Amino acid sequence: MDAPKESGLRNVSSVCSIPEMDDFDLTKLLDKPKLTIKRERSFDERSLSEMSLSRGLDNLELAYSPGGRSGFDTPGSSARNSFEPHPMVAEAWESLRRSLVHFRGQPVGTIAAYDHASEEVLNYDQVFVRDFVPSALAFLMNGEPDIVKNFLLKTLQLQGWEKRIDKFRLGEGAMPASFKVLHDPERKTDTIVADFGESAIGRVAPVDSGFWWIILLRAYTKSTGDLTLAETPECQKGMRLILTLCLSEGFDTFPTLLCADGCSMIDRRMGIYGYPIEIQALFFMALRCSLSMLKHDTEGKEFVERIMKRLHALSFHMRSYFWIDFQQLNDIYRYKTEEYSHTAVNKFNVIPDSIPDWVFDFMPTRGGYFIGNVSPARMDFRWFALGNCVAILSSLATPEQASAIMDLFEARWEELVGEMPIKICYPAIESHEWRIVTGCDPKNTRWSYHNGGSWPVLLWLLTAACIKTGRPQIARRAIELAESRLLKDGWPEYYDGKLGRYIGKQARKYQTWSIAGYLVAKMMLEDPSHSGMISLEDDRQLKPIIKRSYSF
């Protein structure tokens, strides 16, 4: 098909391939003199790196942990003592490099899993956008940004192509869920085939891919200090296309993003449709990252204004209605129903009898979290790890809320961490509810896979959240748990059971993001300034007026 001349992008069918791309190499656009840029570090980076050097991590923990509430007796970090690398680190790097995927001799990503023992490859030999993020962060922290740059450019090329699934056209800004590089040794050619959801289980397009792409672009810029990539017309257009999709106005009365089940890391039917916390937290973070990278030209300025309006509404909505702690739970328990008017307290008409019994026992006196979902007459009280950690890193959570989430980790360590960090969600869905919600999904039985399974990849998100909230001792304890088994078990994708004691029944071995997640967690704990590439400072303009919570 003919390519639009102004952008050099071509249209393809639902199976997108890139057989020959000599005439379509965005790296050529970057072959211009680089500016000498003085990297300005964020508050997060300055405070963590400089304080650790001047005072040592002992004082850092006291400075960032109000009241010294963490009671874990954990060994000192490598920054405090002479550092001897854990034997797992070298093994992890070797495994990570073995997972690299090359296109025309250049590394463009990492495959999902390098499991020789598994007979079924499925799509684990592909490069997933969300899966590559911890790999990308590991390479950035190790001073290897070119791999990340290549990945950002290749996925950007795929975004610009027309995507058709069963004669239906996807939004122009949709990013692929994954892509695969096909090598033809006879013709000596490489071809990229992308999946936008037409091959995925359930045929659901990924909502989170575009958000992760923006977040990773910001991480690359923050890590290298190189603004030239983000400032290219192609990257600016790529961000605007993603924003056009998620900032569109329709019939929804909420500032949150409406989406389908299975459109994120939890990519099977698990009852997270509507307004799941994971998507809302990533949406918020991507908006803030875009705000820092969009040019204030004619087109960019319009998006900046739309982003600011959405951020104000979204932050208020999430901090007010998705937040739960002891006091808020008690308030919901006493709700009246059928309230009609602007003065209604029970704005979503939640029936108190719908509150599950487990919540009352799970909720500590001190602590809180963002619940899984809020919609008319329905509150999903489940706890989700990724959404709550991203809420902390993006500053969607206020400092008080972030501290309360860490309090919850400490108070409910066995439930949320157990013997292998960390639970993707809590609790598991069982019995009749499992049949209805998951459609009898045999992979999502109780305490398995996405239904309460333990995922080592989430270790990097927990560690980053711990560093930002001044609780590195929590991350240190979680990393020690992972180090006791991960390598010995062959880097599984996930673990099963209430405590995460058993290797997942269908878990792939040498799962790349389990490996990369461990490396990123280790490197951030050794040098907390690394967290600056993924952590955003609190925006005073978005500071809400929220009633004081019991956990605060």
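All values derive from a computational prediction rather than experimental measurement. Just so it is clear, the values below take in all heavy atoms, side chains as well, and ignore hydrogens, waters and symmetry mates.
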Check against side-chain contact (heavy atoms from CB on, under 4.5 Å), Lys522 and Thr463: CA-CA 8 Å; Lys522 287 287 284 188; Thr463 301; over 6 Å; no
By side-chain contact (heavy atoms from CB on, under 4.5 Å), which residues pair with Ala478, not counting sequence neighbours? Trp413, Pro421, Leu459, Leu462
Once side chain to side chain donor-acceptor pair (under 3.5 Å) is applied, do any residues pair with Ser99, and if so which ones, sequence neighbours excluded? none
For Leu152, what residues pass the side-chain contact (heavy atoms from CB on, under 4.5 Å) criterion, not counting sequence neighbours? Val148, Trp213, Leu216, Leu217, Tyr220, Leu229
Any residue meeting salt bridge (Lys or Arg N to Asp or Glu O under 4.0 Å) with Arg485, in chain and number order, not counting sequence neighbours: Asp489
Closer than 4.0 angstrom, basic N to acidic O: yes or no for Asp115 and Lys509? no
Does the ring centre of Tyr275 sit less than 6.0 Å away from the ring centre of Phe254? yes
With sequence neighbours left out, write down each residue that passes side chain to side chain donor-acceptor pair (under 3.5 Å) with Asp208, or none if nothing qualifies. Arg130
My understanding is that only residues two or more places apart in sequence, or in another chain, count here; which of them pass side-chain contact (heavy atoms from CB on, under 4.5 Å) with Leu487? Met88, Glu91, Trp491
Restricting to non-hydrogen atoms, name the atom on Ala402 and the atom on Ala397 that form the minimum distance, rounded to 0.1 Å. N-CB, 4.0 Å
List for me each residue that meets side-chain contact (heavy atoms from CB on, under 4.5 Å) alongside Cys425, sequence neighbours excluded, and say none if there are none. Met270, Phe384
Where does the angle between the aromatic ring planes of Trp93 and Phe139 fall among parallel (under 30°), tilted (30 to 60°) and perpendicular (over 60°)? tilted
Test of understanding: with salt bridge (Lys or Arg N to Asp or Glu O under 4.0 Å), list the residues that count as partners of Arg446, not counting sequence neighbours. Glu430
Tell me, yes or no, whether the heavy-atom count around Phe360 atom CZ, taken from other residues, nucleotides or ligands under 6.0 Å, exceeds 12. yes
Salt bridge (Lys or Arg N to Asp or Glu O under 4.0 Å) pairs, two or more places apart, involving residues 491-506: Glu419-Arg501
With rounding to the nearest 0.5 angstrom, report the CD1 to NE2 distance, Ile429 to His450. 12.5 Å
Among residues at least two apart in sequence or on other chains, which ones pass salt bridge (Lys or Arg N to Asp or Glu O under 4.0 Å) with Arg382? Asp380
Identify whether the distance between the nearest side-chain nitrogen and carboxylate oxygen of Asp538 and Lys468 falls below 4.0 Å. no
Which residues pass the side chain to side chain donor-acceptor pair (under 3.5 Å) test with Asp146, sequence neighbours left out? none
Can you list everything that forms a side chain to side chain donor-acceptor pair (under 3.5 Å) with Thr256? Sequence neighbours excluded, please. none
